[in-house]
Novice: 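Sharing a structure below in structure tokens format, with a few things to ask.
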Amino acid sequence: MPNSSPFLGKRVVLGVGGGIAAYKSVELMRRLVDAGAFVSPVLTAASLKFVGATTFSALGSERARISLFDDDDPIPHTSLGKQADAIIVAPATADLIARYAAGLADDLLTTTLIATRAPVVIVAAMHTEMWQHPSVVDNIATLRRRGVVVIEPEVGRLAGGDTGVGRLASTERVLAAVEGLFLEGRGLLLGKKVLVTAGGTRESIDPVRYIGNRSSGKQGIAFATAAARFGADVTLVCTIAPPDEPGIDVVEVESAQQMFDAVSTRVADGFDLVVMAAAVADFRCKDVSPIKIKKSQGAPQVVLEPTPDILAYLGSVKPKNQILIGFAAETGELESEARRKLKEKKADFVVANNVLEHDAGFAVDTNRVTLVYDDSVLAFELDDKRHIAIKVLSFVAEWARINGVWPK
Ligand code: C5P
């Protein structure tokens, strides 16, 4: 288990409702325990029709509890809730959601939910008709308004052979949401609107071929994910598969022109922070062939023309209270190139990296970046791209507040 695991030493109450998906929370509990969390399972009476308390007792850090009137702890409902760093309810059935939203406290789980001040994550699972019923829709809205994190069900095969929305979200999604709760600096970007671009653009030669680049989009996706977990309202304009993360509004594009259009039509939306992590093509084909160019015609002459420079455009229309971050993927002189871009494009920060290093830049999961801003330089050591995003955003948010760009 990595020392940097955000779950290390965290106390988690895992509430299990009475739905067929209850068996999946065994795996969720296992993963939480493996990641270093202390997990206390709390099972509702109905859940015992689907799973056994013994399984949870054997695999959890503490024995499973099923009753309000536990003999060795006269007040488990308050002690569990008070000690918890987070409460996860998986699966949350329509009935459990209704009881929680109404403030009922008639068993150990609902009592713990009402007694706690820890963040709560509800992982809903039920039949499509139930999930879409106005009472469930209203109850979910009520819980969300109170700050409960709701992980909506996914589309898939349901009990009884039906298919539709209702299936319990994947363990990965639940873990990602809980990890977000434990993130240091949670709420750092609360109420902020953030625009992120990610991925390399593709410029068509003909309907089959394109000019592209080696960007995987991993660093940009890491920025969008970290910003969402810091509480921001994120718009992600990307050329690659977006993350499965709550709080991110995705706009999929392919070419530099499409990215420009997606960004420029949204500039009036009042973004507090713009992170231009995409590797945008600098040139595109002047004439795109509408049909596939035949090999038998011989090697074609491809004439290129410049694409719109999105970052420079954003710099030219930047409002006073917006932070603009550009990227510089370089193969040589890092700092001077980054500083030139900072000035020319009127950005506030440029994140520079050398893409020739084997453990940084394109496609790999790690990066080594240098942040160039004002007259200063800040070098971050080699790290996972997700941690780089967290560190850069933490620094930038602090800078924005200290320098009065954002209200304190
Ligand atoms: O000048 P260069 O392309 O190296 O600048 C890199 C930065 O500019 C990146 O942040 C990239 O997203 C942005 N860029 C852009 N539009 C272009 C080319 C680059 O926004 N056409």
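Counting begins at 1 with the first residue of the sequence. Read the numbers this way: they start at 1 and go in the same order the structure lists the ligands and their atoms.
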Novice: Taking any residue with a non-hydrogen atom under 4.0 angstrom from an atom of ligand 1, which ones do you get?
Specialist: Met276, Ala278, Val280, Ala281, Asp282, Thr307, Pro308, Asp309, Ile310, Leu311, Gly326, Phe327, Lys341, Lys345

Novice: Should the pair Glu381-Lys391 be classified as a salt bridge under the 4.0 Å nitrogen-to-oxygen rule?
Specialist: no

Novice: Report the residues that fulfil side-chain hydrogen bond (donor to acceptor under 3.5 Å, both in side chains) with Arg31, sequence neighbours left out, ordered by chain and then residue number.
Specialist: Glu172

Novice: Within 45° of the axis and under 6.0 Å from the centre of the six-membered ring of Phe362, does NZ or CZ of Arg214 qualify?
Specialist: no

Novice: For Glu152, enumerate each residue passing the salt bridge (charged side-chain N to carboxylate O under 4.0 Å, His left out) test, keeping only those at least two apart in sequence or located in another chain.
Specialist: Arg144

Novice: So, using salt bridge (charged side-chain N to carboxylate O under 4.0 Å, His left out) as the criterion, who are the partners of Asp287 when residues are at least two apart?
Specialist: none

Novice: Does the pair Arg340/Glu333 count as a salt bridge with the N-to-O cut at 4.0 Å?
Specialist: no

